[in-house]
Amino acid sequence: MSLTTPPLSLYIHMPWCVKKCPYCDFNSHAIRDETPPYAHYSELLLADLDADLRDLGAIITGQKENPRQLVSIFFGGGTPSLFAPSLIARLIDALRQRLPLANDAEITLETNPGTVEHGRFDGYLRAGINRLSFGIQSFDDDKLQHLGRIHSAREAEYAVKSAQDAGYLNINLDLMYGLPEQDLAAACKDVEHAMDLSPTHISHYQLSLEPHTAFAANPPPLPDDDLILAMNASCQTRLLSAGYQHYEISAYAKAGRRSVHNLNYWRFGDYLGIGAGAHGKLTDGANGRILRRWKIRHPRAWQLAARGPGRIGGKQLVPRTELPFEYMLNALRLVDGVPLSDFSARTGLSLEHIATPLAQARCHGWLASDPQQLRATALGQRFLNDLISCFLP
């Protein structure tokens, strides 16, 4: 079967943070004695993109008669709000010269409430950022301190209101639950505090102990599984009653404000990744294959290699046997699921390749018995890892 070329997004990695949080396993690096070379790094991001365009050509850009547009850009990190609005503006202008942006392209900047001075948000808005994502995590000062965050609850609230005053209409707040020694009332209070600020999107996810983090080495006392389930259920009820649509395992949005960038990931869309450690996934429809590649991880090493082939940390053609698992790993996170026909369009495989695991998942009650839609049941969402594992090679 042929592969349909999906929408294209761009992820830009900005690796520096003021402080490394003890739960964080992202490619982020605490600022030490010297100020990071923000301007130089920004220039190298464009060099990295230019090298990708030389390497992959029409796979990225499409054909002249049918050019590809970027549906979204995401500045992630690290803490991208450490980069001045002028640098972000220069980057976005340069990106527009290299790749066409859709008229309604979503352009998101991750920001930490402790790293943005009042008055900077209007600069980001003028630069072309039309969506902000705040790493709040909690509105409880004790919990914030335990999580290693550099902001207070008051600073978080002030930052969000400042962004709204600057003209931002599309704002996400990241919140965690299952925090050290957190009880049900505290988890619900965090969600209620977030909703009081009227963001358009809330990402609500469980704190997990990831390998090679400070929390994994010295685990804090966390709530038990029953309490975690109660937190998720109670917070979900509050979010739904306030008009937030639950559209992905950990994501809630007001009508029309679902994250375009994340939806493209979950629907097995394409994305370029530039910057230290950034990952990309591209569909080569002409040759019926899917490519993954990633950049070398450490910012210093990446900067030294950003203009040439040494910037590539690894690459692979995704084996056909692994495509069902890779597809389901993303698509089954969506509460409404995806059309069953999308599986073949995005992987190039017929439905016969997944007939057995589909039957097994439906037998367990993890997958809805819908001949047109791939959708996890409530039970399947609860046991999502087990459901997805049905599709392992």
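None of the values given here were measured: they were computed from a predicted structure.
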Side chain proximity check, [X] to [Y], heavy atoms < 4.5 angstrom:
X	Y	answer
S259	Y247	yes
D141	Q145	no
W266	V338	no
L358	F391	yes
V160	I136	yes
L209	P220	yes
C21	R149	yes
Q373	L340	no

TODO: Tell me, with the steps shown, if S42 and R90 meet side chain to side chain contact (heavy atoms under 4.5 Å, CB included).
DONE: CA-CA 9 Å; S42 298; R90 242 179 286 167; over 6 Å; no
Roughly how far, to the nearest 0.5 Å, is the [atom2] atom of [Y] from the [atom1] atom of [X]?
X	Y	atom1	atom2	answer
I12	L10	CD1	CG	4.5 Å
L197	Y158	CG	OH	14.0 Å
S72	Y271	OG	OH	12.0 Å
H279	K295	NE2	NZ	10.5 Å
L175	S250	CG	OG	11.5 Å
Y205	D174	OH	CG	4.0 Å

Salt bridge or not for [X] and [Y], using N-O below 4.0 Å?
X	Y	result
D55	R311	yes
D122	R126	yes
R375	D336	no
D270	K281	yes
D52	R293	yes

Open item on the list: Working note: Q63 + R68, criterion side-chain hydrogen bond (donor to acceptor under 3.5 Å, both in side chains); need CA distance, chi angles, decisive distance, verdict.
Closed with: CA-CA 8 Å; Q63 305 299 324; R68 302 184 79 180; over 6 Å; no
Would you say [X]'s side chain and [Y]'s backbone share a donor-acceptor pair under 3.5 angstrom?
X	Y	result
E155	S152	yes
S9	V71	no
R131	R257	no
H193	D196	no
N330	E326	yes
R346	R267	yes
Q206	M176	no
S138	D140	yes
D284	I290	no
K20	S28	yes

TODO: Would you check, one step at a time, whether the test side chain to side chain contact (heavy atoms under 4.5 Å, CB included) holds for N262 with N264?
DONE: CA-CA 5 Å; N262 288 339; N264 196 36; over 6 Å; no
Would a hydrophobic clustering, with Ile, Leu, Val, Met, Phe, Trp and Tyr connected at side-chain separations under 4.5 Å, put [X] with [Y]?
X	Y	result
L227	L207	no
V260	I73	no
W302	F26	no
L132	M195	yes
I107	L46	yes

- [ ] Check the pair L282, L8 against side chain to side chain contact (heavy atoms under 4.5 Å, CB included), reporting the backbone distance first and the verdict last.
- [x] CA-CA 8 Å; L282 291 166; L8 178 66; 3.8 Å; yes
Of all the heavy-atom pairs spanning [X] and [Y], show the shortest one and how long it is.
X	Y	result
S81	Y124	O-OH, 3.1 Å
F343	T347	O-OG1, 2.6 Å
T283	P6	OG1-CD, 3.5 Å
Y41	H13	OH-O, 2.6 Å
T321	P324	O-CD, 3.7 Å
P357	C390	CB-O, 3.3 Å

Ring center gap for [X] and [Y] short of 6.0 angstrom:
X	Y	value
F268	Y327	yes
F83	Y38	yes
Y252	H201	no
H298	H29	yes

Would you find more than 12 non-hydrogen atoms of other residues, nucleotides or ligands less than 6.0 Å from [X] atom [atom1]?
X	atom1	value
R154	CZ	no
E65	CD	yes
D224	CG	yes
E192	CD	yes

Open item on the list: Let's go through I296 and I312 carefully: what are the C-alpha distance in whole Å and the side-chain angles of both, what is the deciding distance for side chain to side chain contact (heavy atoms under 4.5 Å, CB included) to 0.1 Å, and is it a yes or a no?
Closed with: CA-CA 6 Å; I296 54 175; I312 304 299; over 6 Å; no
- [ ] On the 0 to 90° scale, with breaks at 30° and 60°, tag the H204-Y177 ring pair as parallel, tilted or perpendicular.
- [x]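 Parallel, since the angle between the ring planes stays under 30°.
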- [ ] Please step through side-chain hydrogen bond (donor to acceptor under 3.5 Å, both in side chains) for the pair N172 and S203, ending with a clear verdict.
- [x] CA-CA 7 Å; N172 170 65; S203 298; 3.2 Å; yes
- [ ] Using distance alone, with no hydrogens and no angle criterion, decide if Y244 and Q236 have a side-chain donor and acceptor under 3.5 Å apart.
- [x]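 Absent: no donor and acceptor within the cut-off.
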TODO: Only one of L179, D183, I228 passes side chain to side chain contact (heavy atoms under 4.5 Å, CB included) with P223; say which it is.
DONE: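 That would be I228.
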